[in-house]
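Heads up, the thing below is written out as structure tokens.
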Amino acid sequence: MFTDIREALQFAFIQRALIAGCFVALCCAFLGVFLVLKRFALIGDGLAHISFATIAIGLLVHVTPIFISLPLVVLAALLVLRLTEKSLLYGDAAIGLLSAMGVAIGVLIASVAGGFNVDLFSYLFGNILSVSQTEVILSVILSLVIMGLVRFFYHDLFAVTFDQDHAQVSGIRTGLVNRILIVLTALTVVLGIKVVGTMLVSSLIVFPAVSALFVATNFRAAILLAAVFSVVSVITGIFVSYIWNLPSGATIVCANFVIFIVVFFIRGRK
Amino acid sequence: MSIIPLDVKSLCVMYQGAEVLSQIDLVVNAGDYIGIVGPNGSGKTTLVRAVLGLLPLASGQVVLFGKEQQEFKDWKKIGYLPQRITHLDQRFPANVDEVVAAGLIASRPYPKEMTSSDRDRVADILKDLGIADLRTRMIGRLSGGQQQRVLLARALVHAPELLFLDEPTTALDPATREMFYVLLQKINKTQKTTILFVSHDPVTMGKYASKLLYLDKKVVFFGSFDNFCHSPDMTRYFGAGQHLICHRHG
């Protein structure tokens, strides 16, 4: 197996996959802990479904989908937040509606366009092994921006996640902090599509966070553990999928699931 | 002359179309220790939340340290201990140190960083409240009384000038409750911290607070305990209840 790994590391596409995958995994882990604790975990799933429509639009107008998805998914995320904040809709209902519309619009566009040359399957379930040089650069830059902002607003994000009322009374602009969180989530979801696809990207956000929350005894540890679990699952998933010729996105999710089960039993024995 | 910490003028608050607070006028002077009491549903918590900007005002004005609430920015002058934290669950992975530190640096300008003196300040307040041994424990795993003390530490750690406490003693055993009251009285006397304490227990408030605000959707009484005890209007309103409150006031 080590020979296989050494051999795999010599390929540029594996190197690109590892770099992009690890950076995106770190973003997912950092945001995942806040999202899970704020009961926003489903938002990642909803935004991923919405991104399906934006990918279809990108393919229709012959623009690299990520450039269409980034602004549109961010706008959709802000819309979800607005709807829930104004209590116009229940939060999960708003996500459900927009998710369904996202997939429906995506399917309609694909149908009207008479099918696309590009394999839509790879956007549904991801194909990190086909990540391009441009996508790697974009992923690394955006990931660094996302992680930098999480670091900069860390204390505000913690305060808003732990006790929003107290955060507001302490002078934190809670509305702004929630917007930052949701925008960063939207960006991360779009980046994660290449790694595991629209159908599985929310698992990249939720799994490492949930596993970390089982064992962490303080907040910083929760974020660090989520980061470790996330990166380990992406690296494992890439190598396993290369060695056994399996779909990379699904393999990464399964690696996350294995970590979750291990942590669950470790916690159970304590 | 020091700035008045809180001035509430003709405050009305609506909830689902019904008026839950009506025409509240209230001037809180620096150093006051005010017990806010009243029956269930009388608007005690609503008043605190409205004053702090957590609920919208239907009409009226709230002035904090000379600034209209909407323009008020100096939140480090305010401390707040809520009735409960809505989303706190057992699994929340925050330890006591992190929760209390959040109270210290939340109102700081960016970039918000913890310094070694901040860490010392957190350690000191935990020691003062007798919970230094809990500092690495997860907040969700503590008893109700321990959690309440941690949240009090969070409210006090930045040495606020105006402290709001919303029924903070509900989860405490009698001995801890007494310690809590004595501690607050000490903070009020030595640090001149202005305190507004929501309680369902006017008798205990009579023992510790310097002024009484009795609410029942409007202000029934606001003033010193002496005035309360000698008011014929309050005798008519409370009957024997007035005597009970005043009897314990020492």
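Given the structure is predicted, the values throughout are model-derived calculations rather than measurements. Per chain, numbering begins at 1; letters A, B, ... match sequence-line order.
The stretch residues 59-77 of chain B places W75(B) near chain A, each with some heavy atom under 4.5 Å from a heavy atom of that chain. Using non-hydrogen atoms only and a strict 4.5 Å limit, the part of residues 96-104 of chain B facing chain A consists of E98(B), V99(B), A102(B), G103(B). Among the residues in residues 142-154 of chain A, those with a non-hydrogen atom closer than 4.5 angstrom to a non-hydrogen atom of chain B are R151(A), F152(A), F153(A), Y154(A).
When side chains are defined from C-beta on, K112(B) counts as touching I172(A), because their heavy atoms get closer than 4.5 Å. At a threshold of 4.5 Å between non-hydrogen side-chain atoms, the residues T161(A) and F92(B) count as touching. Inter-residue side-chain proximity for T217(A) and R141(B) is flagged as unmet; no heavy-atom pair is nearer than 4.5 Å. Looking at R154(B) and F162(A), their side chains come closer than 4.5 Å, going by heavy atoms from C-beta outward. Side-chain contact check for D165(A) versus P82(B): every heavy-atom pair is 4.5 Å or farther apart. By the 4.5 Å heavy-atom criterion applied to side chains, I78(B) and V169(A) are counted as neighbours. In this structure, H155(A) and I105(B) have side chains that are in contact, with non-hydrogen atoms separated by less than 4.5 Å.
In terms of heavy-atom pairs under 4.5 angstrom with chain A, the leader among F164(B), Y110(B), Y80(B) is Y110(B).
In this structure, Q168(A) contributes its side chain and G53(B) its backbone to a donor-acceptor pair below 3.5 Å.
Neither the backbone nor the side chain of A167(A) has a heavy atom closer than 4.5 Å to any heavy atom of chain B. Looking at D156(A), only its side chain comes within 4.5 Å of chain B, counting heavy atoms on both sides.
Within the structure, ring-ring contact (aromatic ring centres under 6.0 Å, His included) pairs that include any residue of residues 168-190 of chain A do not occur (at least two apart or interchain).
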